[in-house]
Amino acid sequence: MRYFRPARVYVKEEALKYELTDEMVARFNESGIPVEMVKRVRSTFDGTPREQFFEAKRTLVLGVRKKTPLQGCRPSANWQLPFVSGCPGHCHYCYLNTSFGPRPYVRVYVNVDEILAHAEEYIEVRRPMVTIFEGSSTSDPVPLEHWTGSLSRAIEHFAKHPYGRFRIATKYDNVEPFLGLDHRGHTRIRFTVNSKRVVGSWDKATASLSRRLAAAKKIAQAGYPFGFLLGPIVMYEGWENEYVDLVTSIADTFTSEERSRMSLELITHRFTPKAKSIIESVYSDTDLPMDEGERVWRYGQFGYGKWMYPRDAYDAVKQVVQGAIGRMLPQAKVMYLV
Ligand code: SF4
């Protein structure tokens with residue numbers, strides 16, 4: 001099983017009054033991981049930009065999530081609800097490269113009850129309509145769950161809620177903490193998967209594709225609504241056959257009943273100028289396609305621009321990937337293609 005073991009843990013002063021901090025510090029002490037109380041997190045490590053980036057990703061910070069307005073999360077949910085930000089993974093194309101920059105510490109928010117109470121205010125505004133919260137918009141929180149337990153708390157919280165729903169997405173297989181929970185079908189757990197070339201070349205420090213599929217099978221057998229994010233879909237030479245193979249592997253893993261609980265989200269590759277400059281300095285040997293000449297410039301929901309595939313590429317994805325889904329996974333629901 002692939003999960004995160006930090007090299008060091010910094011505990012910020014404001015986190016000290018929360019019970020989860022004590023619980024986590026006890027776990028780190030037992031595991032021999034050094035813990036330091038700090039007023040501010042050191043802003044740099046020694047070494048090259050790559051070494052500093054890697055050290056930051058091995059550093060866990062326990063802090064408190066301030067009560068600021070929740071951000072929207074189209075098209076997968078109504079609102080973002082992070083319990084973690086940052087990720088120990090090293091996917092070259094990672095969307096976090098734009099938001100976290102050159103020192104991507106992994107941060108855990110220990111005020112879980114306050115975060116859930118904040119979500120309650122947003123549910124009240126929309127009720128009796130259901131409000132959906134995304135727990136993976138600023139991180140992959142699953143490789144930290146055995147330290148934090150915060151996703152499990154959220155799953156049990158939303159299980160009892162008539163108007164709140166939760167969802168998470170992951171590239172890890174550390175799903176054991178979720179299997180025995182009373183989720184009542186209110187949390188959807190999705191696995192981000194990709195073609196052989198993408199997983200082999202540009203997904204690093206994550207679980208292998210076969211382990212993600214095996215973890216998804218366990219989640220399906222535990223009765224959760226579940227699904228797959230196919231993304232980022234990268235259009236390299238020969239992409240068509242490899243994405244059809246991916247859909248075939250998914251179809252072969254699940255029963256017809258399980259497929260009827262499956263959602264599929266299709267996300268094409270895009271990058272920002274900031275992400276490209278970080279990728280080129282940290283993963284300097286990458287051959288991830290990022291040629292602006294083959295892309296079009298568009299502004300997204302958070303106001304910054306990115307390089308996306310042109311319109312005809314979406315038509316090709318629709319034809320190849322959605323076509324394969326229609327043939328092999330007719331019971332699954334395609335939520336969107338972006
Ligand atoms: Fe980024 Fe997800 Fe990879 Fe983590 S697993 S590095 S969040 S793309």
Side-chain angles (χ1 to χ4, degrees), residues 1-7 50 52-61 71 73 76-77 80-109 134-148 150-151 167-175 189-213 215-216 227-234 246 265-272 274-283 286 288-290 300 302 306 338:
M1 192 186 316
R2 189 120 211 179
Y3 63 84
F4 179 44
R5 183 183 162 90
R50 176 185 165 91
Q52 291 182 33
F53 185 91
F54 273 64
E55 278 315 311
K57 280 213 173 222
R58 298 175 69 216
T59 303
L60 183 61
V61 179
Q71 287 206 302
C73 199
S76 77
Q80 303 183 18
L81 194 68
F83 297 94
V84 176
S85 65
C87 174
H90 279 281
C91 306
H92 292 188
Y93 51 74
C94 180
Y95 63 107
L96 300 179
N97 288 329
T98 298
S99 21
F100 292 107
R103 278 179 289 284
Y105 301 109
V106 184
R107 291 172 198 274
V108 165
Y109 304 119
E134 172 63 75
S136 300
S137 55
T138 60
S139 70
D140 188 325
V142 171
L144 285 99
E145 180 64 9
H146 61 294
W147 300 115
T148 66
S150 43
L151 295 177
R167 52 186 51 183
I168 50 179
T170 186
K171 282 200 192 114
Y172 291 81
D173 61 338
N174 180 28
V175 297
I189 301 182
R190 299 108 84 216
F191 294 82
T192 306
V193 290
N194 220 311
S195 67
K196 197 171 159 202
R197 170 82 198 276
V198 175
V199 173
S201 302
W202 305 308
D203 272 23
K204 301 290 175 191
T206 56
S208 66
L209 182 58
S210 60
R211 296 188 81 106
R212 290 180 222 171
L213 287 174
F228 294 95
L229 272 92
L230 275 63
I233 296 172
V234 183
L246 173 65
E265 295 157 77
L266 310 183
I267 304 169
T268 55
H269 180 240
R270 68 271 328 265
F271 61 92
T272 63
K274 181 177 174 188
K276 182 173 178 178
S277 106
I278 289 176
I279 293 163
E280 286 177 339
S281 88
V282 174
Y283 309 111
T286 192
L288 180 67
M290 290 185 290
F302 299 112
K306 39 193 154 183
V338 290

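It should be emphasised that the depicted structure is a prediction, and the values quoted were computed from it without experimental measurement. Indexing begins at 1, ligand by ligand and atom by atom, following the structure's order. If you read the sequence from its start, that first residue is 1, and numbering goes on from there.
Phe53 is listed as a side-chain neighbour of Asn97, based on a closest heavy-atom distance under 4.5 Å.
Donor-acceptor pairing under 3.5 Å is recorded for the side chains of Arg212 and Thr206. For the residue pair Thr268 and Arg270, a side-chain donor N or O sits within less than 3.5 Å of a side-chain acceptor on the partner.
For atom 3 (Fe) of ligand 1, the closest non-hydrogen atom of the protein is Cys91 SG, 2.3 Å. At the top of the distance list for atom 8 (S) of ligand 1, counting protein heavy atoms only, stands Lys171 NZ, 3.1 Å. In this structure, atom 1 (Fe) of ligand 1 lies nearest to the protein heavy atom Cys94 SG, 2.3 Å.
Judged by the 6.0 Å distance and 45° axis criteria, Arg50 is positioned over the aromatic ring of Phe54.
Considering NZ of Lys204 and NZ of Lys171, their distance stands at 12.0 Å, rounded to 0.5 Å.
Residue Leu96 touches ligand 1 through its side chain alone, judged by heavy-atom distances below 4.0 Å.
With ligand atoms numbered from 1 in the order given, ligand 1 contributes 4 (Fe), 5 (S), 6 (S), 7 (S) to contacts under 4.0 Å with heavy atoms of Cys87. Taking a cut-off of under 4.0 Å to the non-hydrogen atoms of Gly89, the atoms of ligand 1 that pass are 6 (S).
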